[in-house]
J.: 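Pasting a structure below so you can have a look.
Index from 1, following the sequence.
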Amino acid sequence: MELDARKKTILTAIIQTYLETGEPVGSRTISKYTDLNLSSATIRNEMSDLEEMGYIIQPHTSAGRIPSDKGYRLYVDELIRTKDKEVADMKDMMIQKTDKLEKMLKQVVKVLASNTNYATLITGPAYHQTRLKFIQLTKVNELQLLAIIVAEGNLVKNQMIKLEEPVDDEKILKLNLLLNTQLNGKTVGEINLDMIMQMKQQAGIHSNVISSVVDAVAEAIQIDHEDMPVYTSGAKNIFKYPELADTSKASELISIFEEKNELAEMIMENRPDEEDESGIQVYIGNETPLNNMKDCSIVTASYDLGKGMRGTIGIVGPKRMDYENVVDNLKTLQSQLDLIFKQDED
């Protein structure tokens, strides 16, 4: 007997419904949740075939069906193949998009330096409130699992998980289903304590796996300043201002702009709240987060490209900088960057 597309669709609907409800699934329920436009009688016949093929089973006390291990295995294998194909299909597109974005940001920061006569910087957009796409647990040995975590933007994190007890393939399969059902599409902020406790309860003696995966998810989604691209321009403008043109001061400032790590760290640690609509912050003299910039003022603004992609623009100059011109330039750039980005994509 062949497992055709219709049977696969019905099997998927049974598994997904059972994962949501924990209750045996009947033909009438499937007829409501699928777009096959089939009668309950036809679905019952298909379910009978699926049972004969070993993909679903019927508990003694119920007229509904639940997935068998064989059904779970087919579902997970198909799920993994689909996710692998999605990542492969997006890979080339993401590389091209990244190259275009880098060129655009370099041009933007160069124009900003020219318009203000100060040193300028812009970070590449990073995903904020990143959503989880997929989790895959794979056995390495009897007491170790490898967790592969994929988040929006094709962020991938691999995490080794130590086990307190050996785990068989069937349990790994069920842990994969549990984690993906509960966590896919959620941000770190949406993964609450009740959800974690419920998953731990379902995981039984392997509840430590849930804790380790949740920790790895948080780490995968967290933005690391060392990985954040920072584009700079106009560092030599510093020499235009006598109070900053002292050889030692100027060389320190230019070094910061060349190395960029301190700039990235400063931006990560001083990001505005998402509720702050303007996203503009001004640091004057001793307020500046970097010791080597205490003779400067730094003005930063956030920009938003939508879908959680946000970055930061910054301008560094003397304390007597033209604040009105700087803020005007930043506000204009904030409003135009989304349009520039879309045009660059086209």
J.: Between Ser40 and Ser31, what is the shortest heavy-atom contact and its length?
T.: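 That would be OG-OG, 4.0 Å.
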J.: Do the side chain of Thr332 and the main chain of Asp328 share a donor and acceptor less than 3.5 angstrom apart?
T.: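 Side chain of Thr332 to backbone of Asp328: a pair is present.
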J.: Taking atom CD of Gln202 and atom OG of Ser207, what is their separation to the nearest 0.5 Å?
T.: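 Result: 12.0 Å between the selected atoms.
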J.: Verify side chain to side chain contact (heavy atoms under 4.5 Å, CB included) between Val76 and Leu177, making sure each step is shown before the conclusion.
T.: CA-CA 8 Å; Val76 170; Leu177 288 171; 3.6 Å; yes
J.: Contact between Gln16 and Leu11 at the side-chain level, heavy atoms closer than 4.5 Å - yes or no?
T.: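 No; the side chains remain at least 4.5 Å from each other.
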J.: Inspect the contact between Arg320 and Glu243 and indicate whether a charged nitrogen and a carboxylate oxygen are less than 4.0 angstrom apart.
T.: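 Counted as a salt bridge, because a side-chain N and a carboxylate O are separated by less than 4.0 Å.
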J.: Within a strict 4.5 Å, meaning less than it, do heavy atoms of the Glu102 and Pro229 side chains meet?
T.: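 No. Closest side-chain heavy atoms not under 4.5 Å.
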J.: Any heavy-atom pair between the side chains of Leu3 and Leu74 that's under 4.5 Å?
T.: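 Of all side-chain heavy-atom pairs linking Leu3 with Leu74, at least one is under 4.5 Å.
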J.: What are the two closest non-hydrogen atoms of Leu183 and Met199, and how far apart are they?
T.: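 Scanning both residues completely, I find the closest heavy atoms to be CD2-CE, 3.7 Å.
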J.: Before giving the answer on side chain to side chain contact (heavy atoms under 4.5 Å, CB included), spell out for Leu121 and Tyr231 the whole-Å C-alpha distance, their side-chain angles and the decisive distance to 0.1 Å.
T.: CA-CA 6 Å; Leu121 64 98; Tyr231 309 100; over 6 Å; no
J.: Charged N to carboxylate O below 4.0 Å: is that the case for Lys8 and Glu78?
T.: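 Yes, Lys8 and Glu78 are salt-bridged.
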J.: Measuring from Leu163:CG to Leu143:CG, what's the distance to the nearest 0.5 Å?
T.: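 Answer for the CG-CG pair, Leu163 versus Leu143, is 6.0 Å.
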J.: For Met160, give me all partners under side-chain contact (heavy atoms from CB on, under 4.5 Å), at least two apart in sequence or on another chain.
T.: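 For Met160, the residues satisfying side-chain contact (heavy atoms from CB on, under 4.5 Å) (neighbours in sequence not counted) are Val140, Gln144, Leu146.
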J.: What residues form a side chain to side chain donor-acceptor pair (under 3.5 Å) with Ser297, not counting sequence neighbours?
T.: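 Per chain and number, Ser297 pairs via side chain to side chain donor-acceptor pair (under 3.5 Å) with Tyr323.
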J.: Distance check, rounded to the nearest 0.5 Å: Ile14 atom CD1 versus Leu50 atom CG?
T.: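 The distance works out to 5.5 Å.
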J.: Hey, is the main chain of Gln182 close enough, under 3.5 Å, to the side chain of Lys186 for a donor-acceptor pair?
T.: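 Looks like yes, one N/O pair under 3.5 Å.
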J.: Under 3.5 Å, is there a donor-acceptor pair between the side chain of Lys139 and the main chain of Val167?
T.: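 Between the backbone of Val167 and the side chain of Lys139 there is a qualifying donor-acceptor contact (under 3.5 Å).
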J.: What are the two closest non-hydrogen atoms of Leu105 and Gly124, and how far apart are they?
T.: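 For Leu105 and Gly124, the tightest heavy-atom pair comes out as CD1-CA, 3.7 Å.
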J.: Just by modelled atom types, is the Gly311 backbone N or O under 3.5 Å from a matching donor or acceptor in the Ser302 side chain?
T.: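 Absent.
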J.: Within the supplied structure, the quantity of interest is the number of heavy atoms (other residues, nucleotides, ligands) at a distance under 6.0 Å from Lys236 NZ; does it exceed 12?
T.: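 No - once you tally the heavy atoms of other residues, nucleotides and ligands closer than 6.0 Å, there are 12 at most.
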J.: Provide the closest heavy-atom pair for Pro59 versus Ile57 in the form atom of the first, atom of the second, distance.
T.: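 Here Pro59 and Ile57 meet closest at CD-O, 3.6 Å.
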J.: A side-chain contact here means heavy atoms from C-beta on lying under 4.5 Å apart; do Thr300 and Ile298 qualify?
T.: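 Yes; the side chains approach each other to less than 4.5 Å.
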J.: Using the side chain to side chain contact (heavy atoms under 4.5 Å, CB included) rule, take Leu145 and Val209 through it: C-alpha gap first, then chi angles, then the decisive distance, then the call.
T.: CA-CA 9 Å; Leu145 293 178; Val209 174; 4.3 Å; yes
J.: With a cutoff of under 4.5 Å between side-chain heavy atoms, which Ile, Leu, Val, Met, Phe, Trp and Tyr residues group with Val111?
T.: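 For Val111, no cluster forms, as it stays isolated from other hydrophobic side chains.
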J.: Tell me which pairs pass salt bridge (charged side-chain N to carboxylate O under 4.0 Å, His left out) where either residue lies in residues 36-56, with sequence neighbours left out.
T.: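 Qualifying pairs: Arg6-Glu46, Lys7-Glu46, Lys7-Asp49, Glu51-Arg65.
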J.: What distance do Tyr72 atom OH and Tyr18 atom OH have between them, rounded to the nearest 0.5 Å?
T.: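 Here the interatomic distance stands at 5.0 Å.
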J.: The criterion is side-chain contact (heavy atoms from CB on, under 4.5 Å); which residues satisfy it with Asn292, sequence neighbours excluded?
T.: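 Asn292 satisfies side-chain contact (heavy atoms from CB on, under 4.5 Å) with Glu252, Ile256 once adjacent residues are dropped.
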J.: Give the minimum heavy-atom separation between Lys331 and Ile280, together with the two atoms involved.
T.: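 It is CG-CD1, 3.7 Å.
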J.: Could you check whether any side-chain heavy atom of Leu333 comes within less than 4.5 Å of a side-chain heavy atom of Tyr303, counting everything from C-beta outward?
T.: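 No. Closest side-chain heavy atoms not under 4.5 Å.
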J.: To the nearest 0.5 Å, tell me how far Ile210 CD1 sits from Gln198 CD.
T.: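 Answer rounded to 0.5 Å: 11.0 Å.
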J.: Could you go through Thr29 and Thr21, starting from their C-alpha distance and side-chain angles, then the distance that decides it, and tell me whether this counts as side chain to side chain contact (heavy atoms under 4.5 Å, CB included)?
T.: CA-CA 12 Å; Thr29 301; Thr21 65; over 6 Å; no
J.: Which residues pass the side-chain contact (heavy atoms from CB on, under 4.5 Å) test with Glu287, sequence neighbours left out?
T.: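 For Glu287 the side-chain contact (heavy atoms from CB on, under 4.5 Å) partners, ignoring immediate neighbours, are Tyr283, Ile284.
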J.: Looking at residues at least two apart in the chain, or sitting in another chain, which of them share a side chain to side chain donor-acceptor pair (under 3.5 Å) with Asn176?
T.: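 Side chain to side chain donor-acceptor pair (under 3.5 Å) check on Asn176 returns nothing, list empty.
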J.: Taking the side chain as every heavy atom from C-beta outward, state whether Val109 and Thr232 have any atom pair closer than 4.5 Å.
T.: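 Counting from C-beta outward, Val109 and Thr232 never come under 4.5 Å.
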J.: Check whether any side-chain heavy atom of Leu137 sits under 4.5 Å from a side-chain heavy atom of Leu173, and report yes or no.
T.: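 They are not in side-chain contact.
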J.: Would you indicate whether the side-chain heavy atoms of Phe239 and Ile254 approach each other to under 4.5 Å?
T.: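 The answer is yes; the side chains approach within 4.5 Å.
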J.: Look at the side chain of Lys70 and the backbone N and O of Met53, then say whether any donor-acceptor pair between them is shorter than 3.5 Å.
T.: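 The answer is yes, because a donor-acceptor pair under 3.5 Å joins these two groups.
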J.: Check ring-ring contact (aromatic ring centres under 6.0 Å, His included) between Tyr118 and all other residues, then give those that pass, not counting sequence neighbours.
T.: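 Partners of Tyr118 by the ring-ring contact (aromatic ring centres under 6.0 Å, His included) criterion, ordered by chain and then number, come out as Tyr241.
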J.: Evaluate side-chain hydrogen bond (donor to acceptor under 3.5 Å, both in side chains) for Thr42 paired with Ser39, printing each intermediate quantity in order.
T.: CA-CA 5 Å; Thr42 301; Ser39 66; 3.0 Å; yes
J.: Who passes ring-ring contact (aromatic ring centres under 6.0 Å, His included) against Phe257, sequence neighbours left out?
T.: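 Result, ring-ring contact (aromatic ring centres under 6.0 Å, His included) vs Phe257: none returned.
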J.: Which residue pairs satisfy the salt bridge (charged side-chain N to carboxylate O under 4.0 Å, His left out) criterion with at least one member in residues 290-302, sequence neighbours excluded?
T.: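 As it turns out, the salt bridge (charged side-chain N to carboxylate O under 4.0 Å, His left out) pairs with a partner in residues 290-302, which skip direct neighbours, are Lys249-Asp295.
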J.: Rounded to the nearest 0.5 Å, what's the gap from OG on Ser233 to NZ on Lys106? Could you check?
T.: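 So the OG of Ser233 and the NZ of Lys106 are separated by 11.0 Å.
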J.: What pair of heavy atoms forms the shortest contact from Asn325 to Thr116, and how long is it?
T.: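 Smallest interatomic distance, heavy atoms only, reads ND2-CA, 4.1 Å.
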J.: Apply salt bridge (charged side-chain N to carboxylate O under 4.0 Å, His left out) to Asp77 and Arg73, showing your working.
T.: CA-CA 6 Å; Asp77 288 347; Arg73 169 53 60 193; 3.1 Å; yes
J.: Of all residues at least two apart in sequence or in a different chain, which pass the side chain to side chain donor-acceptor pair (under 3.5 Å) check with Glu262?
T.: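 Glu262: no side chain to side chain donor-acceptor pair (under 3.5 Å) contacts found.
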J.: Residues in side chain to side chain donor-acceptor pair (under 3.5 Å) with Asn180, at least two apart?
T.: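 Checked Asn180 against side chain to side chain donor-acceptor pair (under 3.5 Å); matches are Asn184.
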